[in-house]
A.B. asks: 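Have a look at the structure that comes next, please.
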Amino acid sequence: MDRLATPSPRAEAPAPETRNAAPSAQGRAARPVDRAAEAALAVAAALGAWAASAAASPVVVRAVAAFAVGTAAYLLIRRLRASGALDRNAAAFAALFARAQAPAALSDAEGLVRAVNPAMAAEASAAERGGVAPSASISDLLARFTPSPEPTVYRLLRAVAERGEAQEPLAGDPARRSVRARAADPGAVVWTVETPADAAPAASASDAFIETLPIALARLSERGEILFANAAARALLGAEARPGARIGALIEGLGRSMDTRIAEALRGDSSGRPEIARSEPDGREVFLQVSLTLVEMEGARGLVAVFADATELKTLEAQFVQSQKMQAVGQLAGGVAHDFNNLLTAISGHTDLLIQRHGLDDSDYADLNQIRQNANRAAGLVRQLLAFSRKQTLRPRVVNLADSLTELSHLLNRLLGEKVSLRIQSAEDLHLVKVDERQFEQVVMNLVVNARDAMREGGEVLIRTANARIAAERRIGRAVMPRGDYVLIEVVDRGCGIAPDKLDQIFEPFYTTKRAGEGTGLGLSTVYGIVKQTGGFIFADSRLGEGTTFAIYLPRHLGPEPEAVRAPAPPAQQDLTGRGVVLLIEDEAPVRAFAARALKLRGYEVLEAASAEEALDLLEDPTLQVDVLVSDVVMPGMDGPTCVREARKMRPDVKVVFVSGYAEDALKRSMEGIDKCVFLPKPFSLNELTAKVKECASN
């Protein structure tokens, strides 16, 4: 039997418990039989020296020498006999295993290789360009199949010595093969590497062609195990996509498991259309379109799986779903804000009416004033809802943000308290932007308060501004920034940070990372709404334990610089009394009651209508004099603008004050074409209502 030519290098020493299992390739002088003979001769020499030094009799010396020589001769003769038996076993091995497809080898009782069949030789030469020396061990051969063969060889040699035959699976072998060891008297062991019946067959010629295709393909067994996966499939599925791996363990069916899909395909019930599945090769999330087709190849049934990367498709779908969700929540927020504004108008208005009847020295005045202040705080919360829903009325003007931040710094320092300091870095040549300055201040204050809350032990909040040039369209997360010039505002803290899985949710309304009772969940959603309504972009970058940076990009204003505007003088005490007839159209009874009483207190005659239809019925009386219409915009049935258009047909000179819990910008389309009208947002106070009516009546 031909042997393989060169020894296999071994980089590591054998484990202590396997040191005697497979002798190293250092020649036959290191075998235990040889060592026993050498030990016997050494013992004889030592005994001889002792006998001589002890002046032993010649009879004793000759007896010791005879014992040592006899022991060595016995051991050497035993070795020679065993060697001859092994040679005979090698011949029998060659005859029996020459044509076997399973890799096989013959060794002595200590694991030294005596012969290998062609299948084992092919495995060895395929694994490394070389071979195994005649003195190599079985461990060297099995290293082609398993990364750590020494413990397996050690256990099998012990089992063969006790029972005559043993078998163990090869750990780490993707083909799930096992090694069997059987005793062949005297002193020989036959080793065979066996493949399970359902394991993957060898790659066919068609697999070699499919390997190079740009389409991700895999052949599957009826049990859903991979028989072959080409390079494109392995790139999608990851390094675990090896023959023998279950496809259901590699990818997760969305809605229906892969096992269910495989069973349907084998029954012929599958439609063949691709279905979405999810995988995490190498820790990254990948979505796949998977289609399964039943085929028969080489006389066996199986499946062909075609994979396509659907990650970008799922990302776009997630963006669409998110935008739809945000739109729905925005509409809900606008509706809630409208209803709350009606409630707050009634609360604030009736509080104003009560305050009119109580002086500063009245014991009830402080309580009433507290009610009014809390109503105003609630109105601020509703304005945040409107800002999120992008229905807040903005009054933009051209400003230099460096000046705005300087003016705002005093208020920010009071918000931060003693533990947290504020530092502002502004670029000297900062571009101008067009924003609602009050709303921008709200954005900065919300971000600074969040930064303060993230640094409970104290620290520094940094606000820095700079000019930013986006040379090409940039995609950051789900946002696409057009190229152009921007002003960048960053709010940086070194606080606790935000977990990566929460970063995508922080701008959602009512979502908060703070503990219960510490936040409304509207701060960042308000910031997001204001920034988007201004035409800008906002991004968050955070690391747990390191801090958070919010970056706002506002478009640069390219028009002329604004002229300096003098601060207006403080208003003088206004006379809000008036005369005339006011037709009040309001479907909310509490709001209507307050507004009617407020106008009557200021000298107006008030007619009330609970709907637009009722108001038009009143206006059909030609003898009725009406100077001003005060109408809600959104009402059941006919809305306010439609009512006003019909009223103008009968009374073209009537003046109009529209009131609404929605923002003016959201109602502009419905009010188009109506001149001589003004808008008053809810909630409004007694003085605001009477001042607006007087302004309208006098124009």
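Quantities reported herein were computed from a predicted structural model and do not represent experimental measurements. Note: hydrogens, waters and symmetry copies are ignored here, and every other heavy atom, side chains too, is used.
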A.B. asks: With a cut-off of 3.5 Å and sequence neighbours excluded, list every side-chain donor-acceptor pair involving residues 304-311.
C.D. replies:
unit_1 : atom_1 : unit_2 : atom_2 : d
Asp309 : OD1    : Thr311 : N      : 3.0
Asp309 : OD1    : Thr311 : OG1    : 2.7
Thr311 : OG1    : Phe287 : N      : 3.1

A.B. asks: Can you give me the closest heavy-atom contact between Ala232 and Pro214, atom names plus distance?
C.D. replies: CB-O, 3.8 Å

A.B. asks: Does any N or O in the side chain of Ser542 come within less than 3.5 Å of the main-chain N or O of Gly547, such that one atom is a donor and the other an acceptor?
C.D. replies: yes

A.B. asks: Determine yes or no for a side-chain-to-main-chain donor-acceptor pair under 3.5 angstrom, with Ser221 supplying the side chain and Arg223 the backbone.
C.D. replies: yes

A.B. asks: Looking at every heavy atom in both Leu141 and Ala105, which two are closest together, and how far apart are they?
C.D. replies: CD1-CB, 3.6 Å

A.B. asks: Is a side-chain donor-acceptor pair under 3.5 Å present for Gln167 with Ser178?
C.D. replies: yes

A.B. asks: How would you list, by chain and number, every residue that makes a side chain to side chain contact (heavy atoms under 4.5 Å, CB included) with Ala235, sequence neighbours excluded?
C.D. replies: none

A.B. asks: With Glu252, which residues qualify under side chain to side chain contact (heavy atoms under 4.5 Å, CB included), at least two apart?
C.D. replies: Arg278

A.B. asks: Is any side-chain heavy atom of Val443 closer than 4.5 Å to one of Thr534?
C.D. replies: no

A.B. asks: Roughly how far, to the nearest 0.5 Å, is the CG atom of Asp493 from the OG1 atom of Thr548?
C.D. replies: 5.0 Å

A.B. asks: Taking the side chain as every heavy atom from C-beta outward, state whether Leu303 and Leu294 have any pair of such atoms under 4.5 Å apart.
C.D. replies: yes

A.B. asks: Can you measure from SG (Cys496) to CG (Asp453) and round to the nearest 0.5 angstrom?
C.D. replies: 9.5 Å

A.B. asks: In this structure, are over 12 heavy atoms from other groups packed under 6.0 Å from Glu285 atom CD?
C.D. replies: yes

A.B. asks: What's the separation between atom CD1 in Ile538 and atom CD1 in Ile489, rounded to the nearest 0.5 Å?
C.D. replies: 9.5 Å

A.B. asks: Taking it one step at a time, do Leu313 and Gln289 satisfy side chain to side chain contact (heavy atoms under 4.5 Å, CB included)?
C.D. replies: CA-CA 10 Å; Leu313 176 65; Gln289 285 184 324; 4.1 Å; yes

A.B. asks: Which heavy atom in Gly224 sits nearest to a heavy atom in Ile262, and how many Å separate them?
C.D. replies: CA-CD1, 3.8 Å

A.B. asks: Determine the minimum heavy-atom distance between Gly536 and Leu554, stating which atoms define it.
C.D. replies: CA-CD2, 4.2 Å

A.B. asks: Counting C-beta onward and ignoring hydrogens, is there a side-chain heavy-atom pair between Val113 and Trp191 closer than 4.5 Å?
C.D. replies: no

A.B. asks: Report yes or no: does Asp541 contribute a side-chain atom to a donor-acceptor pair with the main-chain N or O of Thr549 at less than 3.5 Å?
C.D. replies: no

A.B. asks: Are the side chains of Glu473 and Arg483 in touch, meaning some heavy atoms are under 4.5 Å apart?
C.D. replies: no

A.B. asks: Would you say Leu237 and Ile247 make side-chain contact, with heavy atoms under 4.5 Å?
C.D. replies: yes

A.B. asks: Side-chain contact, heavy-atom cut-off 4.5 Å: Val286 with Ile251?
C.D. replies: no

A.B. asks: Any chance you could lay out the side chain to side chain contact (heavy atoms under 4.5 Å, CB included) test for Val193 and Leu142, step after step, and finish with the verdict?
C.D. replies: CA-CA 9 Å; Val193 177; Leu142 296 185; 4.1 Å; yes

A.B. asks: For Met120 and Asn117, which heavy atoms make the closest approach, and how far apart are they?
C.D. replies: N-OD1, 2.9 Å

A.B. asks: Could you list the residues that satisfy side chain to side chain contact (heavy atoms under 4.5 Å, CB included) with Ala159, not counting sequence neighbours?
C.D. replies: Arg163, Ala166

A.B. asks: Give, for atom CD1 of Ile552 and atom CZ of Phe537, the distance between the pair rounded to the nearest 0.5 Å.
C.D. replies: 13.0 Å

A.B. asks: Search all heavy atoms of Ala468 against all heavy atoms of Leu488 and return the closest pair with its distance.
C.D. replies: CB-CB, 4.3 Å

A.B. asks: Any side-chain heavy atom of Ser137 sitting closer than 4.5 Å to one from Val153?
C.D. replies: no

A.B. asks: Among Glu168, Glu162, Glu150, whose salt bridge (charged side-chain N to carboxylate O under 4.0 Å, His left out) with Arg155 holds?
C.D. replies: Glu168

A.B. asks: What is the distance from atom CZ of Arg246 to atom CG of Leu220, rounded to the nearest 0.5 Å?
C.D. replies: 11.0 Å

A.B. asks: Going through the checks in order, is the side chain to side chain contact (heavy atoms under 4.5 Å, CB included) test met by Thr152 and Thr146?
C.D. replies: CA-CA 10 Å; Thr152 301; Thr146 179; 5.6 Å; no

A.B. asks: Asp485: which residues meet the side chain to side chain contact (heavy atoms under 4.5 Å, CB included) condition with it, sequence neighbours left out?
C.D. replies: Arg469, Arg556

A.B. asks: Quick check for you: to the nearest 0.5 Å, what is the distance between Glu110 atom CD and Ile138 atom CD1?
C.D. replies: 13.0 Å

A.B. asks: If the condition is side-chain hydrogen bond (donor to acceptor under 3.5 Å, both in side chains), which residues does Glu264 pass it with, not counting sequence neighbours?
C.D. replies: Arg256

A.B. asks: Are Met258 and Leu250 packed together at the side-chain level, in the sense that at least one heavy-atom pair is separated by less than 4.5 angstrom?
C.D. replies: no

